[in-house]
Structure formats: C-alpha cells, structure tokens
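In the text below, chain A, chain B and the rest are named by the order of the sequence lines, each starting its count at 1.
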There are 2 protein chains.
Amino acid sequence: MDIQNLIDNTFKKYGLKKTIFRKELFKLFYDSLNSLSAKEISKQFSSSTDKASIYRALDSFEKSGLIHQVPDKNNLLRYSLCKSECKPNNHAHDHAHFLCSVCEETFCLDDFKLPSAKSHNGFLINHLKIIMEGTCVRCKSI
Amino acid sequence: MDIQNLIDNTFKKYGLKKTIFRKELFKLFYDSLNSLSAKEISKQFSSSTDKASIYRALDSFEKSGLIHQVPDKNNLLRYSLCKSECKPNNHAHDHAHFLCSVCEETFCLDDFKLPSAKSHNGFLINHLKIIMEGTCVRCKSI
DNA sequence: TTAGTAACGCAAATGAGTTGCACTTATATA
DNA sequence: TATATAAGTGCAACTCATTTGCGTTACTAA
Ligand SMILES: [Mn+2]
Ligand SMILES: [Mn+2]
Ligand SMILES: [Zn+2]
Ligand SMILES: [Zn+2]
C-alpha cells in the first residue's frame, strides 16, 4: 500500500479530514526512519501551527492505528509509524524498542522476538514490552 | 543486613545526613511491598514536608543505590527499594516490572529472567528492560 | 562546642500536555 | 454548485509533575 492510498483509506475510514497539516504530518512519519516527539514535529512546521493541533493529531493518528507510542529517554510522548499489521484501536505490536544512548533516538526493532509467557508467579500477563538501551547501528559505525 | 545497618552504612558512605525525614522515608520503602510515587509519599508525611525535599531525597537515594526507578502507568517518577545486589551509581537490576491494570501498582518481579542478547541486527544492547501489564496476584484473587 | 555543609521549607519557575472556545475548512449531499 | 455538518485549527488559559533559588536549620566531624 503506498502513502496516498494509506492516507485515503485510513483517513476516510476514521472520519479524519485530509487537512494540509495532517497530510504533512503523516508524511513526516512515513519518511522518518525513527520516532518523533511533539517538539520535534513542531520544528518542522511554521510557528502558526499550534502545539494543541499537534497533540490532537497525534492522538487521532494513534487511535486510528497509524502511529504508535514508543518509549522516550525523558518520558516524553513519542511516536513511530505503524506497520500494516496494526489495526485501529488494536495495535498489534510485538516488537521491541531500542533507545540509542548516543543519538538519543528510539528505533522499532520489528523482528526482535518477545517472550510469550502468559503468567508468572500468579501474575497474569496481558501485554509485554521490551525496551533496550545501547548503541544503534548508525552510531556504532561512526 | 538489617535496616539500621543499611541506613548507617549507606548514608555514611554517601555523605547523606540521617535526618528524621530521610530515615522515615527509607523505612517507608523498606516496609513497602510495592513502589511509591512522590505524591503517595507526600501523603505519609505531615503537610510541612515539602515536595522539593521529597524529590531531592528520592534523587539522592537513587544515586546511592538504595532505590531504583520503576515504570508508572502515568509516566510519573516512581521508585522501589533496591535489593542488595545494587551498587551506588551502578544499579544491577536484572528483573522485570509488572504494572497491574486493576490496582495500578507497580511490582518488581525479581525472578523473571531477562533475555541475554548482547546485540541484535547491529544494535549493541547495554541494558534491557521488560515491562509487563496485566492483573497482579492480589487483584486476580479478589 | 563549633564550623562546615547537607538538607529543609517556602515560593517561584519550568515545561509537557490539556482544555474551552470561537473560527475555519473539508466533505457529503441536495 | 450551494449549503449544512462536523472535524480540525489557533489562541489563550490552565493543570500538574518536577525543578530551582534562596535563606534558614540541624547533622556531623573535628
Ligand atoms: Mn515500534
Ligand atoms: Mn524493580
Ligand atoms: Zn544512535
Ligand atoms: Zn493489582
């Protein structure tokens, strides 16, 4: 599915209007190898673009299954594009996330297998997250 | 090592003064099965205890290896007592954390084994965290 | 006992994220 | 193509966790 179809299909499906800002925002994620925070997004738009609009757009994108929250060094809200297996209101992520301590970026490691335990010592596990910290490929080879 | 020795040794080692508040705060963690946030701590003390003091105490306790940060549902700062394997400025945690979606508390699962991968697809892994979400033992049996 | 400094209390600041509201614009359909 | 509806926008004000500055207090070590 190419970017235009993805926007058309999903935006229509969820009653999201294809505004200039939201289309640009989606492209930002689409073209970005790593994740984005509200502040980083803000820098990519003119100063008249309000942070409230950014936060609201991120929120609806997430609910629509276009982007998913990823961990951030400083506990900020941070998002990455979802792969096709993600359904709206039902993100089907089973990948680990990697925080690079050099460039401070967050990467989705789409093929890192998560443990599949369903319970442990009486604790019932619904969902499991793995967050790794270290040096990313790019920074390693610099 | 009992609580008095632990306080004496560690506080002395790091030039931490044994003030009434800090001794009480440490006991709070010592007696607590689960984790504590600044707000929860605040409720346990008289209103004259300032939140700045709480945050500063938590910070030095963490630096001294007495407590460690644990994940929180709402991205708040939240801490748990460290077990003896923890060194100051060098927390040696190798356990998973569990967030109960019923009681919203965070638990340390000290014996949940973490994957030991040192690298993945060229990413060098220094440290790995596992955060699980579900229903805790206590809430399950209610 | 006393000097030195960690810790304290209070108040003000910071900064991410949220909310209310009036205005604008995309979309659907007549 | 005109119009109605509802989603999205911009702005300002707000919330709330955490931080910081500063003058005072109280441990600790000598
Ligand atoms: Mn991801
Ligand atoms: Mn723990
Ligand atoms: Zn990097
Ligand atoms: Zn529970």
Side-chain angles (χ1 to χ4, degrees), chain A residues 4 7-29 35-64 66-67 69-79 88 104 106, chain B residues 4 7-29 35-64 66-67 69-79 88 104 106:
Chain A
Q4 274 317 325
I7 291 184
D8 285 353
N9 293 349
T10 320
F11 276 51
K12 173 169 288 183
K13 187 167 179 182
Y14 285 92
L16 302 174
K17 284 190 189 173
K18 287 185 281 181
T19 64
I20 299 167
F21 165 61
R22 291 194 173 197
K23 281 187 285 187
E24 284 303 315
L25 178 60
F26 184 79
K27 279 188 201 129
L28 248 192
F29 277 107
S35 60
L36 297 166
S37 68
K39 199 194 245 179
E40 287 159 9
I41 291 166
S42 183
K43 289 182 192 144
Q44 307 293 319
F45 290 92
S46 91
S47 58
S48 69
T49 301
D50 194 73
K51 57 183 171 157
S53 304
I54 296 176
Y55 283 110
R56 288 190 271 231
L58 291 173
D59 198 57
S60 22
F61 281 14
E62 198 203 4
K63 290 205 174 72
S64 306
L66 292 171
I67 59 176
Q69 234 185 292
V70 301
D72 175 87
K73 264 251 146 74
N74 301 115
N75 268 357
L76 304 186
L77 291 184
R78 176 172 286 282
Y79 296 88
E104 306 239 315
T106 305
Chain B
Q4 275 316 327
I7 291 183
D8 286 354
N9 293 349
T10 318
F11 275 51
K12 174 169 287 182
K13 187 168 180 182
Y14 285 90
L16 303 174
K17 285 190 189 173
K18 285 184 282 180
T19 64
I20 298 168
F21 165 63
R22 291 194 172 198
K23 281 187 286 186
E24 285 302 315
L25 177 61
F26 184 79
K27 279 187 202 131
L28 247 191
F29 276 107
S35 61
L36 297 167
S37 69
K39 198 194 247 182
E40 287 158 9
I41 290 166
S42 183
K43 289 182 192 144
Q44 305 294 319
F45 291 91
S46 90
S47 58
S48 70
T49 301
D50 194 74
K51 57 189 168 155
S53 305
I54 296 176
Y55 283 109
R56 287 191 270 234
L58 290 172
D59 197 57
S60 23
F61 280 15
E62 196 202 4
K63 288 204 173 72
S64 305
L66 291 172
I67 60 176
Q69 234 186 292
V70 301
D72 176 86
K73 264 253 145 79
N74 301 114
N75 267 356
L76 304 187
L77 292 183
R78 174 173 287 282
Y79 297 87
E104 307 238 315
T106 304

Using atom [atom1] of [X] as one end and atom [atom2] of [N] as the other, report the distance to the nearest whole Å.
X	N	atom1	atom2	answer
Asn75(B)	dA16(C)	CG	C1'	11 Å
Ile20(A)	dT25(C)	CD1	C1'	9 Å
Leu58(A)	dG17(C)	CG	P	9 Å
Asp59(A)	dA16(C)	CG	P	18 Å
Ile7(A)	dA26(C)	CD1	C1'	15 Å
Leu25(B)	dG9(C)	CG	P	12 Å

- Query: Shortest non-hydrogen contact from Ser35(B) to Val70(B)?
  - Reply: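 Nearest heavy atoms, Ser35(B) then Val70(B): CB-CG2, 3.6 Å.
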
- Who passes salt bridge (Lys or Arg N to Asp or Glu O under 4.0 Å) against Asp59(B), sequence neighbours left out?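 By the salt bridge (Lys or Arg N to Asp or Glu O under 4.0 Å) rule, Asp59(B) matches Lys63(B).
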
Mind checking what makes side-chain contact (heavy atoms from CB on, under 4.5 Å) contact with [X], not counting sequence neighbours?
X	answer
Phe45(A)	Phe21(A), Glu24(A), Leu25(A), Leu28(A), Ile41(A), Thr49(A)
Lys73(B)	Leu99(B), Ser101(B), Glu104(B), Glu133(B)
Asp8(A)	Gln4(A), Lys18(A)
Glu40(A)	Leu36(A), Ser37(A), Arg78(A)

Which pairs, protein N/O on one side and nucleotides 2-7 of chain C N/O on the other, fall under 3.5 Å?
{"from": "dT5(C)", "atom 1": "O2", "to": "Lys17(B)", "atom 2": "NZ", "distance (Å)": "3.1"}
{"from": "dA6(C)", "atom 1": "O3'", "to": "Gly15(B)", "atom 2": "O", "distance (Å)": "3.3"}
{"from": "dA6(C)", "atom 1": "N3", "to": "Lys17(B)", "atom 2": "NZ", "distance (Å)": "2.8"}
{"from": "dA7(C)", "atom 1": "OP1", "to": "Lys17(B)", "atom 2": "N", "distance (Å)": "2.9"}
{"from": "dA7(C)", "atom 1": "OP1", "to": "Arg22(B)", "atom 2": "NH1", "distance (Å)": "3.1"}

- Query: Hey, what bend do you get for the helix from dT1(C)-dA30(D) to dA30(C)-dT1(D) if you fit axes on five pairs at each end, rounded to 10°?
  - Reply: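 The value is 40°.
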
- Quick one: how far along DNA chain D does chain A reach, first to last nucleotide 5' to 3', anything under 4.0 Å to a heavy atom?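 First and last nucleotides in contact are dA6(D) to dC11(D).
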
- Message: So, does Tyr55(A) get its side chain near the phosphate of dT18(C), meaning an N or O under 4.0 Å from OP1 or OP2?
- Response: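 So the side chain of Tyr55(A) is outside the cut-off, no N or O lying under 4.0 Å from OP1 or OP2 of dT18(C).
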
- Task: Determine whether Leu58(A) and Ile67(A) make a side-chain contact, defined as any pair of heavy atoms from C-beta on separated by less than 4.5 Å.
- Result: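 The answer is yes, as the side chains (C-beta and beyond) meet within the 4.5 Å cut-off.
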
If we ignore hydrogens and angles and just use 3.5 Å, is the side chain of [X] paired with the main-chain N or O of [Y] as donor and acceptor?
X	Y	result
Thr106(B)	Pro71(B)	yes
Ser64(A)	Leu66(A)	no
Asn74(B)	Leu76(B)	no

- Contacts of Ser47(A) that satisfy side-chain hydrogen bond (donor to acceptor under 3.5 Å, both in side chains) - sequence neighbours left out: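 None.
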
- Query: By side-chain hydrogen bond (donor to acceptor under 3.5 Å, both in side chains), which residues pair with Ser60(B), not counting sequence neighbours?
  - Reply: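 For Ser60(B), the residues satisfying side-chain hydrogen bond (donor to acceptor under 3.5 Å, both in side chains) (neighbours in sequence not counted) are Arg22(B).
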
- Query: To the nearest 0.5 Å, what is the distance between OH (Tyr79(A)) and CG (Asp72(A))?
  - Reply: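 With rounding to 0.5 Å, OH (Tyr79(A)) is 11.5 Å from CG (Asp72(A)).
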
- Near DNA chain D, which residues from residues 44-54 of chain B have a heavy atom under 4.0 Å away?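 Only Lys51(B), Ala52(B) qualify.
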
- So which one's nearest nucleotide on DNA chain D is more toward 5', Arg56(B) or Ala38(B)?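 Its nearest nucleotide lies further toward 5', so the answer is Ala38(B).
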
